[in-house]
Structure formats: structure tokens, C-alpha cells
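Order of listing sets the numbers, starting from 1, for every ligand and every atom in it. Start at 1 with the first residue, then count along the sequence.
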Amino acid sequence: MGIYADYAATTPTKPEVIEAMMKIYETHYGNPSSIHAQGRDARRFLDESRRTVAQCLNAQPNEIIFTSGATESNNTAIKGIAFANEAQGKHLITTKIEHHSVLHVFEYLETQGFEVTYLDVNEEGLVDLNALKQQLRPDTTLVSIMFVNNEVGTVQHVYDIQEILKTHRAYFHMDAVQAIGHLPVDVEDLQVDALSLTAHKFGGPKGVGALYVKNGTAIQYLQQGGEQETKRRAGTENVAQIVGLATAMKLADAERDENQVQIAQLKELLLVSLQERAIPFEYNGSMIDTSNHIINLYFPFVDVETLLTLLDMSQIYVSSGSACTAGSTIPSHVLSAMYGADDRVTHSIRISINENMTERDIKTIVAEIQKIYLRFKEESS
Ligand SMILES: Cc1ncc(COP(=O)(O)O)c(C=O)c1O
């Protein structure tokens, strides 16, 4: 089976989630827009899921739109707010370390006449808040900043960001994908106008997500078609997947505190074991403002592709955190933003863990990295 330590990429679907989804596929398969009993039955599950997700986020049910995942949620929020507020201004702000489903949307908007400011981050991956203050202009209509970075785990100072934005009219969108199940995500506390999430990062199925949009937000919905999701997202709702999302979210919320204790211990064990075995490494990002499930490490003795390949051969499944195409790793834009043209960009991997991993798993990962280190050390001596 090997050891899977790539939970920031995706998580296995929880058995309770599969069970809840199977019930929909087998019995409650009606189209929630149909007015007959079978349709009304499916609608009941859809409504209940919306209430569950809203409750987990401390939102109103009518502020939740189900989507095909965070990529769609991010696209909808960013383009939708930018286009709806075009008359007020065409300046937008984001950061250099966002996920591509945010960055590439902003790059597209640049081709549509918008001006985008990409904020720098420091070596810990924290956004430069002075720059945010300075860059806000009367024509800025949207600021999009992620909660937890998916490559290095840095948690942004969202309450400071909120303070800065309080006196500005710009809408605040947050990609909270990596925060669900790891940090409290309360839209009232965060003071966000829009927030994206995707189910498969917290034990739900792939291909389903949600977008929170605060009531009163000026946003233009981009998909034409039927009147589903109160005319905000045309297309028959994927009820089974939505029920899966809601079930997973409820579980992730309920188990969060307990899971975090276990995850923190496993992380500590990983770092201590690497030190004990005298493997040269450095920690990328912040040791304090971080979500423990994402651990990005710099191993100066081996490049990322070789390390990932050798670990894969030993059935240890981790990642570089950045995009891979046809076996080659594109240098991480996140590490580049944090460290510039440093060796770290090409010699770092992301180990992302969850509460079901064992101490033995962690020790096996460390032992395999040590073997690789000793091999390279011998070859170079
Ligand atoms: C921070 C972040 N945002 C957005 C996404 C996109 O999620 P999905 O591929 O489920 O649409 C991911 C997934 O890797 C992510 O980590």
C-alpha cells in the first residue's frame, strides 16, 4: 500500500461520507428541481446540506452556492465581483502565493482591462501588509488573499488584513481550501465577502465545492442556463456529492481539535527524527503562523525530482507542492516568491499529513530520506 503523505493534494473519502452518498445514489436520486415527491425528496437533502455547510461557516444558508470545487468557486468569486463592480473601478489586489485557480483568473482579468497588484510575501510566506495598505486605491474593488497556503502551510494574518480592509469599500475574497478541518473558518469572524472551499481536502468527494457569498455583495454570476442555486449557478445540482461535502464538513468540524493534537505530534516527530538522524534540512515557511498538516522541507543534497522519484520507488507518496507535468516539476511560484532564485526552490518537498498516519509511518519516511541522503553523501565523497 505504501505511505501516503500528500493530504494537501487530496484526502481519501471517509466511509461515513461514502455511505451518505450511496444512500442518495440508490434511493434519493430525484432531480431537486422536479416538483413531484421524488424531486422534493432530493431537494430536502440539498437544503439540509446547505444548512449544514452554512452552520459550519457561521453563514446563512442562502449565502452558500454549491460548485464543482474551489477552482470554480474562485473563478466565480473573482470574475463575478470584478465584472459586477467594473464601473466603480478596475483595480484588484491579490498575492504572489495564491493557488493557480486564483492567480490565473487574475492574469485573465488583466487581459480584460483590469489592473492587478500582486503582493509580495516575506520568507515565512506572510503577505506584506504595509504594501496592502499602500496599494489600496479608491478604484480597488476586490482583494483576494488565501487563508492557508497549500504549499508551505503559512496561515495569513487574516485579522490584520480584515482591519486594513474595514475602512475600504473593496470586497474581500478568501480561498479557505486548506483551512477547513484545520482552523476555525467563521465568515463573521473573518469578515469576508466571499470564501471558497472544496470537499476533497477534508474527507469529501472530488469535484464538489462551495462558495460563500455574503448577502448584499455585488457579484455577477457567469453561468447561463437553468434556475438552480437560486439562479446563481445553472446546472442540475449533484445532490450525492453535495451531501458528501456536507457530511465531510460536519465531521471535519467536529473532529478538528482532536485531530490537530495528533497532527501536531506527528509533525514534531518528523522534524525531531530528521534532526536525530543528522539529515541536513531546513524548514520552509513559518514555524508559528502555520497549519501543521503541511510541512515543506528543503533538502540541500538532492533535487526535488530525484527525491520524489526515489521516495515513490520506496512507496512513499509526497509531492513538491507545485505543479507537475509529464514527470517534470515546474519550479514553485510560492517558494520563488518567498526565497527568490534560491536553491530551495528546486530542492524542497511538501509532506502533508493527517490524523490517521502513525508514528511508524513518519519514522519510515525519515528512514527512507536518510537512505537517500547517505547514498548521495557517499557518491559525492
Ligand atoms: C489553496 C487551494 N485552492 C484551490 C484549490 C483547487 O481545488 P479544486 O482542484 O478542488 O478545484 C486547491 C487544490 O489543490 C488548493 O489547494
- prompt: Taking the six-membered ring for Trp, are the ring centroids of Tyr373 and Phe376 within less than 6.0 Å of each other?
  reply: no
query: Could Arg44 and Asp41 be called an ion pair, given the rule that one side-chain N must be under 4.0 Å from one carboxylate O?
result: yes
- request: For a side chain to side chain donor-acceptor pair (under 3.5 Å) with Ser332, tell me which candidate from Arg350, Glu151, Arg344 qualifies.
  value: Glu151
task: Please check if the side chain of Glu355 supplies one atom and the backbone of Gln262 the other of a donor-acceptor pair under 3.5 Å.
output: no
field: Salt-bridge criterion met for Glu19 and Lys14 (N-O under 4.0 Å)
entry: no
What short N/O contacts, under 3.5 Å, does ligand 1 make with the protein, listed by atom pair and distance?
unit_1   : atom_1 : unit_2 : atom_2 : d
ligand 1 : 3 (N)  : Asp175 : OD1    : 3.4
ligand 1 : 3 (N)  : Asp175 : OD2    : 2.6
ligand 1 : 10 (O) : Thr198 : OG1    : 2.8
ligand 1 : 10 (O) : His200 : NE2    : 2.8
ligand 1 : 11 (O) : Ala70  : N      : 3.2
ligand 1 : 11 (O) : Thr71  : N      : 2.8
ligand 1 : 11 (O) : Thr71  : OG1    : 2.7
ligand 1 : 14 (O) : His99  : NE2    : 3.3
ligand 1 : 14 (O) : Lys201 : NZ     : 2.6
ligand 1 : 16 (O) : Gln178 : NE2    : 3.0

query: Do Lys166 and Glu163 meet the salt-bridge criterion of a basic N to acidic O distance under 4.0 Å?
result: yes
